[in-house]
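Just so you know, these numbers come straight off a predicted model, no measurement behind them.
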Amino acid sequence: MIFKPAKSRSLVLRKGRVEDKYRFHLDGVLIPSVSEKPVKSLGKIFDGTQSMHTELKSYQQWTSSLEHILSCCPKALGEGRYAWHHDQVLKAVADTICTGIQRSKHQLPARHNITFVRAGEKPQAERKVSTGLLALASDWQLKVDLGRQLKFPEHIAKTSLRPDLVLTSVSTKQIVLLELIVPWEDRIEEAHERKKAKYLELVGACRESGW
């Protein structure tokens with residue numbers, strides 16, 4: 001599945017109102033909001049204007065219905081809709097990381113030049129090159145919990161937990177655990193704390209092993 005930013009639209013609703021301060025990017029390309037490029041759906045025009053706000057308010061239980069559909073519908077859960085949505089997002093994240101890993105393998109290591117300064121002159125500030133985590137090693141290995149169950153690297157720690165994504169570098173002894181969850185907006189902080197607590201013991205075991 002290929003997502004094209006120009007063909008997509010972003011819509012952020014908070015308490016029934018459109019908020020344009022939150023923006024989304026895909027591979028560095030901005031996804032236009034409905035305010036910038038209106039979209040027609042279900043026979044109605046969504047453009048972020050006051051008329052749209054008024055129309056949304058006319059549905060008294062619109063927000064709660066949306067919450068039910070997107071995060072707590074037993075039928076959708078039983079049919080695997082949430083799992084499918086989760087896996088599609090995880091696949092997109094994994095594909096982006098894989099692309100970054102391939103690019104990092106072809107990057108030359110940073111060169112540290114010695115700059116000589118004449119007496120009485122001030123040294124010029126060195127231009128800092130922006131690098132990310134993937135640039136710190138060239139032997140990254142990625143495991144993703146898609147298709148078949150992920151097995152955590154036993155040489156690092158023994159556990160029955162299965163993060164959605166595990167990224168490791170043996171040369172630098174670095175490990176990255178990624179757990180993807182898409183909660184309702186009112187439960188983001190709660191979900192974050194729950195996931196942190198879930199993997200707290202595993203993170204400690206990795207550090208004890210020198211990672």
Side-chain angles (χ1 to χ4, degrees), residues 1-5 8 10 22 24-29 31 66-107 109 130-211:
M1 181 180 294
I2 300 177
F3 295 94
K4 296 182 179 180
S8 305
S10 65
Y22 301 104
F24 301 92
H25 296 76
L26 183 62
D27 289 338
V29 180
I31 298 177
L66 183 61
E67 177 183 4
H68 175 81
I69 294 172
L70 295 181
S71 66
C72 56
C73 175
K75 180 176 175 61
L77 178 63
E79 293 178 350
R81 298 181 192 176
Y82 297 149
W84 180 88
H85 178 256
H86 171 276
D87 290 349
Q88 295 306 306
V89 176
L90 181 60
K91 185 179 183 301
V93 173
D95 289 344
T96 301
I97 294 176
C98 284
T99 301
I101 290 175
Q102 293 301 319
R103 289 176 181 173
S104 67
K105 291 181 178 179
H106 300 290
Q107 287 181 350
S130 177
T131 58
L133 175 66
L134 297 179
L136 301 179
S138 59
D139 63 335
W140 290 108
Q141 295 294 322
L142 178 65
K143 289 187 175 183
V144 186
D145 193 22
L146 284 172
R148 58 181 181 179
Q149 291 187 354
L150 181 146
K151 188 175 181 181
F152 196 84
E154 293 186 349
H155 65 282
I156 299 177
K158 293 184 178 181
T159 179
S160 59
L161 294 176
R162 291 163 37 213
D164 286 320
L165 184 150
V166 177
L167 183 64
T168 56
S169 167
V170 175
S171 63
T172 58
K173 299 206 74 173
Q174 294 183 94
I175 181 169
V176 178
L177 310 181
L178 186 147
E179 182 75 3
L180 176 65
I181 183 171
V182 189
W184 187 246
E185 62 179 13
D186 293 337
R187 297 191 290 270
I188 291 178
E189 293 184 3
E190 175 191 343
H192 176 65
E193 293 301 324
R194 185 173 70 253
K195 291 296 183 179
K196 281 178 60 178
K198 178 180 179 180
Y199 290 97
L200 186 62
E201 184 176 344
L202 178 57
V203 170
C206 292
R207 286 174 175 166
E208 289 179 2
S209 299
W211 290 73

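- Heavy-atom minimum distance, Ala137 versus Ser104: O-OG, 4.0 Å.
- The pair Asp95-Lys91 counts as a salt bridge, with a side-chain nitrogen and a carboxylate oxygen less than 4.0 angstrom apart.
- Tested against Trp140, the residues Thr168, Ile97, Leu133 include a single side chain to side chain contact (heavy atoms under 4.5 Å, CB included) partner, Leu133.
- No more than 12 heavy-atom neighbours from other residues, nucleotides or ligands sit within 6.0 angstrom of CZ on Arg207.
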Begin from the C-alpha positions of Ile101 and Leu167 and carry the test side chain to side chain contact (heavy atoms under 4.5 Å, CB included) through to its verdict.
-> CA-CA 10 Å; Ile101 290 175; Leu167 183 64; 3.7 Å; yes
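- We find the CZ-CG distance between Arg148 and Leu150 to be 9.5 Å, quoted to the nearest 0.5 Å.
- For the pair Asp164 (side chain) and Leu178 (backbone), a donor-acceptor distance under 3.5 Å is absent.
- Rounded to the nearest 0.5 angstrom, Leu165 CG and Leu180 CG are separated by 9.5 Å.
- Between Gln88 and His85 the shortest side-chain heavy-atom distance does not fall below 4.5 Å.
- Remark: Glu193 CD to Arg187 CZ distance equals 16.0 Å, nearest 0.5 Å.
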Side chain to side chain contact (heavy atoms under 4.5 Å, CB included) between Phe152 and Leu161: does it pass, once the steps are laid out?
-> CA-CA 7 Å; Phe152 196 84; Leu161 294 176; over 6 Å; no
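- Leu177 has its side chain within reach of Val166: a pair of non-hydrogen atoms, C-beta onward, lies under 4.5 Å apart.
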Evaluate the criterion side chain to side chain contact (heavy atoms under 4.5 Å, CB included) for residue pair His192 and Lys196; output intermediate values, then yes/no.
-> CA-CA 6 Å; His192 176 65; Lys196 281 178 60 178; 3.2 Å; yes
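- The minimum heavy-atom distance linking Lys151 with Lys143 is given by the pair O-NZ, 3.4 Å.
- Across Leu142 and Ala94, no two heavy atoms sit closer than the pair CD2-O, 3.9 Å.
- Counting non-hydrogen atoms of other residues, nucleotides and ligands closer than 6.0 Å to CD of Glu79 gives a total above 12.
- Atom CG of Leu134 and atom CD of Gln102 lie 11.0 Å apart (nearest 0.5 Å).
- Within a 6.0 Å radius of NZ in Lys173, more than 12 heavy atoms belonging to other residues, nucleotides or ligands are found.
- Here the side chains of His86 and Tyr82 are not in contact, with every heavy-atom distance at 4.5 Å or above.
- If you take NZ on Lys75 and CZ on Arg81, they are separated by 6.0 Å, rounding to the nearest 0.5 Å.
- The nearest pair of heavy atoms linking Pro183 to Ile188 is CG-CA, 3.9 Å.
- Closest approach of Tyr199 and Arg162 over heavy atoms only: OH-O, 3.5 Å.
- The nearest pair of heavy atoms linking Ile181 to Ala191 is CD1-CB, 3.9 Å.
- Among Thr172, Val176, Val170, the single residue meeting the side chain to side chain contact (heavy atoms under 4.5 Å, CB included) criterion with Gln174 is Thr172.
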